[in-house]
There are 2 protein chains.
Amino acid sequence: MRIELSERLKAAGYKLTAPRRAIIKVLESHPEHLSHSQILEAGKHFYPRLSRATVYRTMELLTGLNLVRPLYLSDATQRFVLVEGGHHHLVCTRCGTIIELDECAEGELVNRLAERYGFTIHSHLLELQGQCADCRCETEK
Amino acid sequence: MRIELSERLKAAGYKLTAPRRAIIKVLESHPEHLSHSQILEAGKHFYPRLSRATVYRTMELLTGLNLVRPLYLSDATQRFVLVEGGHHHLVCTRCGTIIELDECAEGELVNRLAERYGFTIHSHLLELQGQCADCRCETEK
DNA sequence: GTACGTGCAAAGGTTTTGCATGGCG
DNA sequence: CGCCATGCAAAACCTTTGCACGTAC
């Protein structure tokens, strides 16, 4: 589901402005987990007058439209990922390393739960926390 | 894995003080997703002099020890859940309803990934976001 | 042309920190 | 008894809001 975010925004009746375009460019070109500040900095690259308030407002908008979702990793900063059906990662609680997973093994589970509770599932997040090989060795030394 | 948090704290070499005991009591008696403020309020019930700073410090400590993990739900407030192997819920992005799931269907997946990447998995979070039956009807009306 | 978006700056919250005091081990 | 942990208050930081102006449609 690689539908352009800009199309979605327009479809929902929102205007496609330069600041929003800049933020969308950032999101589409950075698969990482971006914080508000990172989005602001990167967005200024495309649209120098971009303000922090606009980043907050736009991210809230995108979250409401279910195009983006917030998450926490090992630190206390709110970050966002694109909602593309699902998102899966391993997080090392010691060094903060993040390994992204492509596979989605919960398709069946999702369907079963959706049916049981009458939910329409838009996205899901599977986050595994633990220690990576390097950190484990450090700890055991 | 219902090991007492207080045991774990001591085992890790930290002092078991009255404020910490109060916070632990709150965590153990509230299975919900608690924010810092909720923990502070509830904790004052057990230890009236409890300060906000101590809540922050203690939660950071517990997070570091992997006894607790932060997460975001539909709003932007950081909340915590006990790490007890895994945590699974459905979140309605429209009304904020949360349905907790008991089952853990990813045991196999977790093991496979752990092996492939050399990770030792301590906990996992499966979060499904969508709309509950009520909200879906509202939207379609 | 009009209503929606924006930047700016200020207000409102939240989180962190420094420091003197208190209490666990 | 020493050192870690705490409360308090201030500082630092993050997020939201009001408002006058600009711009997409």
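Note that this is a predicted model, so its numbers are computed, not measured. Quick note on labels: first sequence line is chain A, next is B, and so on, each numbered from 1.
Shown here is A:Y47, whose OH atom has more than 12 heavy atoms of other residues, nucleotides or ligands within 6.0 Å.
D:dG22 atom C1' lies 16 Å from atom CG of A:L16, rounded to whole Å. Taking atom CG of B:L9 as the reference point, atom C1' of D:dA5 lies 12 Å away to the nearest angstrom. Nucleotide C:dC24 holds its C1' atom 5 Å from the NZ atom of B:K15, rounded to whole Å. Taking atom CG on A:L40 and atom P on C:dG7, their separation rounds to 10 Å, with Å as the unit. As a whole-Å value, the separation of B:E60 CD from D:dT6 P is 13 Å. If you take CZ of A:F46 and C1' of C:dT6, they are 20 Å apart, rounded to a whole angstrom. Taking atom CG of A:L61 as the reference point, atom C1' of C:dC4 lies 12 Å away to the nearest angstrom. In this entry the distance linking CD of A:Q78 with C1' of D:dT16 reads 13 Å, nearest Å.
Nucleotides of DNA chain C nearest to B:H36 and B:K10 differ in position, and the one nearer the 5' end is that of B:H36. Of the two residues contacting DNA chain D, namely B:A53 and B:Y14, the nearest-nucleotide position lying further toward the 5' end is that of B:Y14. Nearer the 5' end of DNA chain D, as judged by each residue's closest nucleotide, is the contact made by B:T58, out of B:T58 and A:R49.
Within the 4.5 Å cutoff, no side-chain heavy atoms of B:L125 are placed close to those of A:L126. In this structure, A:K10 and A:L5 have side chains that are not in contact, with every pair of non-hydrogen atoms separated by 4.5 Å or more. In this structure, A:I23 and A:F46 have side chains that are not in contact, with every pair of non-hydrogen atoms separated by 4.5 Å or more.
In the set D:dT6, C:dG5, C:dG7, D:dT6 carries the atom at the smallest distance from any side-chain atom of B:R20. Set against C:dG25, D:dT6, C:dG7, the side chain of B:T17 has D:dT6 as its closest nucleotide.
Across all strands shown, B:R52 has heavy atoms under 4.0 Å from base atoms, whether or not it also approaches the sugar-phosphate. Within the 4.0 angstrom heavy-atom criterion, base atoms lie near B:R57.
Residues B:L50 and B:I39 share a closest heavy-atom pair of CD2-O, 4.4 Å.
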